[in-house]
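Accompanying notes for the structure given below.
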2 protein chains.
Amino acid sequence: MASVFPLADLKASVKSDSRPDSWVDTIIKGDCVSALEALPTHSVDVIFADPPYNLQLGGTLHRPDQSLVDAVDDEWDQFASFEAYDAFTRAWLLACRRVLKPTGSIWVIGSYHNIFRVGATLQDLNFWILNDIIWRKTNPMPNFKGRRFQNAHETMIWASPNAKAKGYTFNYDAMKAANDDVQMRSDWLFPICNGNERLKGEDGKKVHPTQKPEALLARVIMASTKPGDIVLDPFFGSGTTGAVAKRLGRHFVGIEREQDYIDAASARIAAVEPLGKAELTVMTGKKAEVRVAFNVLVESGLIKPGQVLTDAKRRYSAIVRADGTVASGGEAGSIHRLGAKVQGLDACNGWTFWHFEDGQSLRPIDDLRSVIRSDLAKVE
Amino acid sequence: MASVFPLADLKASVKSDSRPDSWVDTIIKGDCVSALEALPTHSVDVIFADPPYNLQLGGTLHRPDQSLVDAVDDEWDQFASFEAYDAFTRAWLLACRRVLKPTGSIWVIGSYHNIFRVGATLQDLNFWILNDIIWRKTNPMPNFKGRRFQNAHETMIWASPNAKAKGYTFNYDAMKAANDDVQMRSDWLFPICNGNERLKGEDGKKVHPTQKPEALLARVIMASTKPGDIVLDPFFGSGTTGAVAKRLGRHFVGIEREQDYIDAASARIAAVEPLGKAELTVMTGKKAEVRVAFNVLVESGLIKPGQVLTDAKRRYSAIVRADGTVASGGEAGSIHRLGAKVQGLDACNGWTFWHFEDGQSLRPIDDLRSVIRSDLAKVE
DNA sequence: TAGGGAACTGAATCCCGCG
DNA sequence: ACGCGGGATTCAGTTCCCT
């Protein structure tokens, strides 16, 4: 399992047909497009691709504590222009489609830096988009300079090889069963890959800068493959696709240029123990913590801008503003900060401190949060 | 408010300059690109666009089952359709950028059918993507055939007009305060527009097929505009952008071709009551506060020349000089430069780094800046 | 050993006014 | 337009060190 296959040997093997499927459960060392071109036509069931994102980072970035953010500045993520990136994308997508069975499907993951170009290229090449899937990160890196929204998700595109392809695998019932018996949605919640799962070298540093979480791959593979299927990853990296495929009783093929990544992935996959048949029932992702911010109440109309809130004994009052903050006297801030400030305290739970008029009685705004939460219980 | 402006009249008005800004708070009746071309250059602060996504692709998007069409023709047909859609997208985006102030920003909403093409075109035209924002729907339509994941989100792209544009508005502190004092993320949760909010004709049928929820527009406008700003919507439809802009104390401009939509939007907007100034005050952070230089503290006697400052752990110390600089060892400079230098860092916020003795405890000199600021507030 | 606190980290397109 | 310099800016963890 997970032997390395030099590209030259692969070519000879496939050509001579002496060792059919000798490339299955191996990592092919070589350039992505060249390796794909050496594989047989219509030979894999699903492709998962995590191509370079073309991040186009400027200078360095420091956290507020002045520590340096370890950016993805690897050589393999450098492209001269969008045109160059598009040409690269076209080439590997076309090579992928030849290798993909007509009944197969392809997943590509990216961020706003590249995913729009990937999606448009998929459409230009007559791939048929089935879904775009949002990976919501439970613990994304913050925006340190406060100039944008926290970039808290990545996007996956799931597509069949052409507009008429109908035979792709989608384990609808398994997905539904895993999701408390309601349809699996297009937004998925998972933590980023860290802790024990994150591969580290002897120096203690991460082996690969963009290792994906196994839970994400597990859902992809459980949703769109059958046991025994072959999953190809043309940008194998640290081998998450291979490790999860093996664990879930699927075959894999990896393509990777860099020996360091191949070594790490081989060892990783060798250590994987496949699950038994009984255990191959679908596993669920992490359930969301139901977090409701105060401005959701304002945006949803349960609380109106201009409305007056008071504490339970009407000693303090505040006016609600349209941006979801509250103001009292000259002071303003979140419900928590202002609650603390008017009382002269360091901290305050605004949800239980502030009340609203409901007929003749006062009720804590936390009651309204409960209303929202029960609406959201189905979603999160 | 919300009067209708025929395109011919608009052209005459803008040209003659007889009624400056006569187009503000109106709905311009006409084709999107023609109307945009009639508006003055650099005249609006933010654009929110909800373009059609099936305009040129209706056949292929709505009839995926047609399997009798010749494959080659089918491929060509789709390529041609995407090209037409791309040309349309280029045209209105270019027209939008001319109208947009260099300090403005643009939002475009779409689904996987069109958003990849919109995103790639934005990048091709040198717009600079700030975030992609996911609108997660609490109540999306189910997938009826069980062949895909439930399509439970739409995607918005937020971009500045070019890569170097820096002056766009982002009310970071308001968003954070409204979100229980943590950064607002790129995934937003809102219900789809229905119930009372959904505009319905006399026949009880919905006026517009894709009416967006006001809560979504409210967050867009609160995040990226200031009170009094002009928000342009080139695909005005049922006028959600106009209604929310008016309610939030912003101006709007709508462009719409169909009289039925214009009528519905006009009536809708006329019924909107704008919020008062207090409710519209936006939470701001330190960046918006009056600048106080360190030597003001020295001049006012709160800090005395010769006084010793240290960091919080008394690892470094510096002596205050009469000119408002500080010195340590052979080095001297501003509180920031010296703070950076003694720590061997590139940058340092001297206000929070340096502390002074206050009885037995150490307090940051930023506390003294607050004293100055509150004194100044009384004078203003 | 258990617990508390400091340090470290993650696919990042991350400042702005003034001269 | 460009350079300078003041000074603003982080969330959810995991790991390591010290008591």
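The sequence lines fix the lettering, A, B, ..., with proteins before strands; numbering per chain opens at 1. Nothing here was measured: the structure is a model prediction, and the numbers come from that model.
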Value in whole Å for how far the [atom2] atom of [N] lies from [atom1] of [X]:
| X | N | atom1 | atom2 | answer |
| --- | --- | --- | --- | --- |
| F144(A) | dT13(C) | CZ | P | 11 Å |
| H153(A) | dA12(C) | NE2 | P | 14 Å |
| F294(B) | dG7(D) | CZ | P | 11 Å |
| D65(A) | dG10(C) | CG | P | 14 Å |
| I192(A) | dC8(C) | CD1 | C1' | 13 Å |
| H62(A) | dG10(C) | NE2 | P | 16 Å |
| E154(A) | dT13(C) | CD | C1' | 14 Å |
| D70(A) | dA12(C) | CG | C1' | 11 Å |

*Partner of K206(A) under salt bridge (charged side-chain N to carboxylate O under 4.0 Å, His left out), chosen from D70(A), D74(A), D260(A)*: D70(A)
*Measure the acute angle between the ring planes of Y261(A) and H208(A), then classify it against the limits of 30° and 60° as parallel, tilted or perpendicular.*
tilted
*Kindly assign one of parallel, tilted or perpendicular to the pair F88(A) and Y85(A), based on the angle between their ring planes and the thresholds 30° and 60°.*
tilted
_Assigned glycosidic conformation for dT9(D) [threshold 90° from 0]_ = anti
Does [X] reach a base, just sugar-phosphate, or nothing at all? Heavy atoms under 4.0 Å.
| X | answer |
| --- | --- |
| D74(A) | nothing |
| V69(A) | base |
| S111(A) | nothing |
| G58(A) | nothing |
| I335(B) | nothing |
| K164(B) | nothing |

*Apply ring-ring contact (aromatic ring centres under 6.0 Å, His included) to F170(B) and F149(A), showing your working.*
CA-CA 9 Å; F170(B) 178 51; F149(A) 296 96; 4.8 Å; yes
Taking only side-chain N and O atoms of [X], does any of them lie within less than 4.0 angstrom of OP1 or OP2 on [N]?
| X | N | answer |
| --- | --- | --- |
| H336(B) | dG6(D) | no |
| N151(A) | dT13(C) | yes |
| S334(B) | dG6(D) | yes |
| K176(B) | dT9(D) | no |
| R369(B) | dA8(D) | yes |
| R337(B) | dG5(D) | no |

*For H336(B), all residues meeting side-chain hydrogen bond (donor to acceptor under 3.5 Å, both in side chains), sequence neighbours excluded*: none
Kindly point out which of [options] is positioned nearest to the side chain of [X]?
| X | options | answer |
| --- | --- | --- |
| R148(A) | dA12(C), dG10(C), dT13(C) | dT13(C) |
| N143(A) | dC14(C), dA11(C), dG6(D) | dC14(C) |
| Q66(A) | dG10(C), dT10(D), dA8(D) | dA8(D) |
| W76(A) | dA11(C), dG7(D), dG10(C) | dA11(C) |
| D173(B) | dT9(C), dT9(D), dA12(C) | dT9(D) |
| N196(A) | dT13(C), dT15(D), dC11(D) | dT15(D) |

Do the side chains of [X] and [Y] get close enough for a salt bridge, i.e. N-O under 4.0 angstrom?
| X | Y | value |
| --- | --- | --- |
| R337(B) | E331(B) | no |
| D311(B) | K313(B) | no |
| D181(B) | K176(B) | no |
| E83(A) | R117(A) | no |

Donor-acceptor pair, side chain of [X] and main chain of [Y], under 3.5 angstrom:
| X | Y | result |
| --- | --- | --- |
| D358(B) | S361(B) | no |
| T241(A) | D233(A) | no |
| Q343(B) | Y316(B) | no |

Using a cut-off of under 3.5 Å, enumerate the N/O to N/O pairs linking the protein to nucleotides 2-4 of chain C.
none

*asked:* Do R369(B) and W351(B) form a cation-pi contact, if we require the NZ or CZ to be under 6.0 Å from the six-membered ring centre and within 45 degrees of the ring's axis?
replied: yes
*asked:* Is the base of dT13(C) stacked against the aromatic ring of W128(B), taking ring centres under 5.5 Å apart and planes under 30° as the test?
replied: yes
_Close aromatic pair by centroid cut-off 6.0 Å: F235(A) and W76(A)_ = no
*Could you write out DNA chain D as a dot-bracket string, with dots for unpaired bases, | for bases paired across to another strand, and Watson-Crick or G-U pairs counted at under 3.5 Å?*
.|||||....|||||||||
*Near DNA chain C, under 4.0 Å by heavy atom, which residues of residues 344-354 of chain B?*
none
All N/O pairs under 3.5 Å across the protein-nucleotides 15-17 of chain C interface:
| unit_1 | atom_1 | unit_2 | atom_2 | d |
| --- | --- | --- | --- | --- |
| dC15(C) | O3' | R147(A) | NE | 3.4 |
| dC16(C) | OP1 | R147(A) | NE | 3.0 |
| dC16(C) | OP1 | R147(A) | NH1 | 3.1 |
| dC16(C) | OP1 | R147(A) | NH2 | 3.0 |
| dC16(C) | OP2 | K166(B) | O | 3.3 |

_Restricting to side-chain contact (heavy atoms from CB on, under 4.5 Å), what partner residues turn up for A340(A), sequence neighbours left out?_
C348(A)
*Test ring pair (Phe, Tyr, Trp, His ring centres under 6.0 Å) applied to W158(B) and W128(B), F48(B), Y168(B), F127(B), the passing residue*: Y168(B)
